[in-house]
Q: 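Mind looking over this structure? Questions follow.
Since we're looking at a predicted model, the values are computed, not measured.
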Amino acid sequence: MYTLIYALCFYLSSLLVTIPFLKFFKFSEARFLSLLTISAISFAIGFVFPFKISFYIVFAVTIGVSLYTIYSDKVKVENTETVFALVFAFFIFLRFLNPYIQDAEKFMDSAFMNAVLKSSAFPPDDPFFAGGKLDFYYYFGHVISACITLMSFSPPEVGYNIAMSAIPAYTAVIIYGILRRKGMKVALSGIALSIFSGNAYSFVDFLRRVFAGKVIDGGYYWNATRVIADTINEFPYFSFIHADLHAHVVAIPIFTLIISLILRSWEEVEGKEYGRRTTLALALALFAIFATNSWDYPLAALACLLAALSLKKKEIVIALILSIPFVILLYSSMNTPAAKIFLVEDKTNAIEFLMYALTPLFFSYLFTGNRYTLYSLPLSIPLYFISPVLALTAPLAISSVYGIYKKDVASAIVLTGLMAFILPEFVAVESRLNTVFKFYIVAWLSLMIAPATKLEFGDVRKYVVVLVLVVSLVYPMAATPVRYNLRECTLDGMAFMKTFDGDYEAIKWLQGKSGVIIEEGCTHGALCGYKYGGRVSAFTGNPAVIAWTNHEFAWRRDYPIIAERANDVREFYTTSSCDEMLKIVSKYNISYVFFGYEEKRIFSVSPEKFERCFTKVFESRGTYIFATKNIS
C-alpha cells in the first residue's frame, strides 16, 4: 500500500511544475508541456553531466519558479485538472492490481529507463550489451519516463508504473482542453473515443463469444490488435493497459499535444494570436516526437504543413523549420541501422481493415464529410482494385482537401490520419508490420480527435455517436478485467520476482551499484527475453555481457559478435576452470557475477564453483552475487 505515496508525490510535483507555464499556455497544454520541457532540458544537459544531476538542477529551478509564482501571483487550478486526476487514478488503480513489469517487452523498457537513470553522460550505456551505447534506439521517451520516476521519488520498478499511468492522463487532459469549448459531453465523448475505446473487431468478437458461450479470456484481449494479417494493430487503450512503456506509447500525448497546438486557430476568434511561445512549444513537441518515436515525425510534419496551408499561418511552418536542426543534430549522434524504404506489394483486406478502422473512419465521415465526399464515392469502385484501403478512404480524403481550401484546420488533421492509413499500402519503412503498427496509432488519434471538434449533441447524429460509443466501449469493459485479474495491491513492478529464489533481494542490492554484470540474459533461444532472460540488467540498468540476443541482433546487425558473447556467457557458467572464468571477466570488464534462479535452471550448476574463484558479496534465498575485484 505504501507505494501509492510515490504516485501521490508525482501527482503533486507534476502539478507544481505546471504553474510557471500557466501564464503562457492553456492549462491542458501546460500540464504536459511542463514535463516535456523539463525532460528536454535535462536531456540536453545530460550529454555533459550525469542525468540525475541534470534533472535535479532543472527540477529545482522549476520548483523555485513555481513557489515564487505562487507567492507573487494568484494561481488557480482549473477544473480541467479533474480529468488528469481521475484518469491518472484509474490507471494507478489498474497497475496497483497487477504491477508486474513482466512479459512482452517490459524488460526492455525497464532496462532502457534504468540505463537513462544511471547514465553518467548520454547516450546511456546499452544495458543488454556491455561496452555498447544506447545510440541505436530513440530513447527520449525513456528520458520522459525517467523524469516521471524522479519526480515521484520512487524506485524505478515503481516509477515505471507511475509513468505508465501518467501517459494516458496527460493525453486525456490535452484532449479535454481541445474539446472543452464544445461542452462537457463533447469533451468526455472525445476522450472516450480517442483513448478509452476498442476497435470494431473487439465488438464483433465479443458478440461471437457471448452467443457461442465462450469465455472472454486473454485471447479476446490480445486478438483485437492482430486484426490485419502479418501486422500489429494497437489502439491507445490497448497500449495503455498492455503497459509496455514503449516509444509509440509515450509518443501518444506528444502527438496529441501537436494536434492541440495546431488547432489553436480557434483562439483567433477570441482575439488571441498564434504567439512566439506557441511556435516554440510546437517546435519542441515536433523535436520530442522525433526523439521519442521517429516514425511519427513525418506525419506530424505533414499535419503542420497542411494546417499552415489551410490557415496561411507561417508560424506553424516556422515551428517545423525550428525543429529540423535539432532533429538533424540528434540523428547525427545516433548509430541506428539504415532504414530501408521499399514498395509494398501486399494490400490490406477490406474486411480486416474495417475491423480495425471502422469506428474512427465512420466517425470522421460523419462529422467532417461534405458534399464532395458524396461526389467522390464513385471513385471508390476503380480504386478498390488498386487498394481497398484507398477506396475506403479516398472520398473523405478528397473532401478533406476541400476543407483545407476552406480554412478548416480539422480537415488537415483528418487528411493526416487518412494518409497514415493509405501510405502503408504502398511504401514501408523497415517492415510493413512496423509501418502499419506505428502509422495506424497516429491515424486513430487524428480521426478521433479532429472530428470531435465538430461533434454536436443537438442534432440527429447524436444517436449515431451514442451507438459508436457503445460499440467502442465494449472492449475496455470486457478486456480490462481480463488483463487486470490479480490483486497484488502494490505498484512494485518487481513483485512477481519474489517467487524466483532470492532474485528480488539481490537485484535490489545491485540497484545501488555500478559496473558490468554477467547473467543468463537470453542465450538459449530467440524468445527467452520475453520471459525471464535479462532481468538483472532490466531492473538495475547495469550493462550485461549480453542479454536479449534477438533484439541486439536486430539493433546491431552483427550476428558474430552477439553469438560470441552468448557463447562466452554459456562457457562462463558451465566451465569449472577459474582461469577460463577470469579470462571472460577480463574480456568484458565484469564487476559482478549473478547466480540466481535462471542461471541454476539453465546451467544446472552450484554456487560453490563461483565461491572458489570470486568473492561472495550477497546471498539471499539461494541467489548469490559475487564480486570480481581483488581476484588474482
Side-chain angles (χ1 to χ4, degrees), residues 6 9-10 12-21 30 32-68 109-127 132-160 162-163 166-167 170 245 247 250 253-254 280-281 283-285 287-292 323 325-327 329-335 511-515 540-543:
Y6 295 120
C9 286
F10 167 73
L12 294 175
S13 63
S14 69
L15 185 58
L16 190 58
V17 298
T18 302
I19 290 172
F21 293 81
F32 185 57
L33 268 171
S34 57
L35 173 64
L36 201 61
T37 303
I38 290 172
S39 300
I41 298 174
S42 301
F43 178 64
I45 301 175
F47 281 89
V48 180
F49 299 104
F51 172 73
K52 284 187 177 180
I53 293 175
S54 304
F55 168 81
Y56 283 125
I57 290 172
V58 178
F59 182 64
V61 170
T62 309
I63 291 294
V65 174
S66 298
L67 294 175
Y68 176 78
D109 293 315
S110 176
F112 286 4
M113 188 184 79
N114 276 296
V116 168
L117 288 167
K118 280 196 170 181
S119 175
S120 58
F122 287 155
D125 293 329
D126 181 354
K133 290 292 183 179
L134 197 60
D135 56 0
F136 52 81
Y137 191 95
Y138 290 94
Y139 56 91
F140 184 69
H142 296 93
V143 171
I144 294 175
S145 302
C147 288
I148 291 174
T149 298
L150 294 176
M151 287 169 67
S152 69
F153 305 98
S154 67
E157 63 272 16
V158 175
Y160 179 107
I162 294 173
I167 296 302
Y170 281 119
L245 198 50
V250 184
I254 302 175
L280 293 174
L284 171 62
F287 168 76
I289 202 79
F290 177 83
T292 300
S323 73
F326 296 98
V327 166
L329 184 63
L330 178 62
Y331 179 79
S332 65
S333 73
M334 302 296 287
N335 190 28
Q511 283 180 340
K513 307 295 186 294
S514 60
T540 65
N542 290 16

Q: Going from CZ on F112 to CG on L245, what distance comes out if it is rounded to the nearest 0.5 angstrom?
A: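 Answer for the CZ-CG pair, F112 versus L245, is 12.0 Å.
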Q: Which heavy atom of S333 sits nearest to which heavy atom of D135, and what is that distance?
A: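 Here S333 and D135 meet closest at O-CB, 4.2 Å.
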Q: Kindly write out the residues that satisfy salt bridge (Lys or Arg N to Asp or Glu O under 4.0 Å) with D109, not counting sequence neighbours, or none if the list is empty.
A: none
Q: Restricting to side chain to side chain contact (heavy atoms under 4.5 Å, CB included), what partner residues turn up for A288, sequence neighbours left out?
A: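 For A288, the residues satisfying side chain to side chain contact (heavy atoms under 4.5 Å, CB included) (neighbours in sequence not counted) are L36, F140, I254.
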Q: Hey, can you pull the donor-acceptor pairs under 3.5 Å for the side chains in residues 61-68, sequence neighbours left out?
A:
| from | atom 1 | to | atom 2 | distance (Å) |
| --- | --- | --- | --- | --- |
| T62 | OG1 | V58 | O | 2.7 |
| S66 | OG | L16 | O | 2.8 |
| S66 | OG | T62 | O | 2.9 |

Q: Could you state the interatomic distance from CZ (F51) to CD1 (I45), rounded to the nearest 0.5 Å?
A: 10.5 Å
Q: What's the spacing between Y137 OH and M334 CE if we round to 0.5 Å?
A: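 Taking OH in Y137 and CE in M334, the distance rounds to 10.0 Å.
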Q: Looking at P543 and G515, what are the two nearest heavy atoms and their distance?
A: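 Closest approach of P543 to G515: CD-O, 4.0 Å.
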Q: Mind checking the OG-NE2 spacing from S110 to H142? Nearest 0.5 Å is all I need.
A: 9.0 Å
Q: Do any N or O atoms from the side chain of K133 and from the backbone of F122 form a donor-acceptor pair under 3.5 angstrom?
A: no
Q: At their closest point, which heavy atom of F59 faces which heavy atom of S13, and how far apart are they?
A: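 The answer is CZ-CB, 3.9 Å.
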Q: Out of curiosity, L330 CG to F290 CZ, how far, rounded to the nearest 0.5 Å?
A: 6.0 Å
Q: Report the distance from atom CG of L117 to atom OG1 of T540, rounding to the nearest 0.5 Å.
A: 11.5 Å
Q: Heavy atoms only: give me the nearest T18-S34 pair and the separation to one decimal.
A: OG1-OG, 3.4 Å
Q: Any side-chain heavy-atom pair from F55 and F49 closer than 4.5 angstrom?
A: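 Not in contact.
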Q: Looking at the rings of Y139 and F43, which for Trp means the six-membered one, are their centres under 6.0 Å apart?
A: yes
Q: Can you name the residues that form a side chain to side chain contact (heavy atoms under 4.5 Å, CB included) with I57, not counting sequence neighbours?
A: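 In terms of side chain to side chain contact (heavy atoms under 4.5 Å, CB included), with neighbours along the sequence ignored, I57 is linked to I53.
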Q: Work out which heavy atom in A115 is nearest to a heavy atom in D125; give both atom names and the distance.
A: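 Where A115 meets D125 most closely, the heavy atoms are CB-O, 3.5 Å.
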Q: Among residues at least two apart in sequence or on other chains, which ones pass ring-ring contact (aromatic ring centres under 6.0 Å, His included) with Y170?
A: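 If we apply the ring-ring contact (aromatic ring centres under 6.0 Å, His included) test to Y170, skipping adjacent residues, the hits are F32, F84.
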Q: Checking the side chain of K118 only, and the main-chain atoms of Q511 only, is there a donor and an acceptor separated by less than 3.5 Å?
A: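 Between the backbone of Q511 and the side chain of K118 there is a qualifying donor-acceptor contact (under 3.5 Å).
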Q: Hey, can you pull the donor-acceptor pairs under 3.5 Å for the side chains in residues 144-155, sequence neighbours left out?
A:
| from | atom 1 | to | atom 2 | distance (Å) |
| --- | --- | --- | --- | --- |
| S145 | OG | G141 | O | 3.1 |
| T149 | OG1 | S145 | O | 3.0 |
| S152 | OG | T149 | O | 2.7 |
| S152 | OG | S154 | N | 3.4 |
| S152 | OG | S154 | OG | 2.6 |
| S154 | OG | G159 | N | 3.2 |

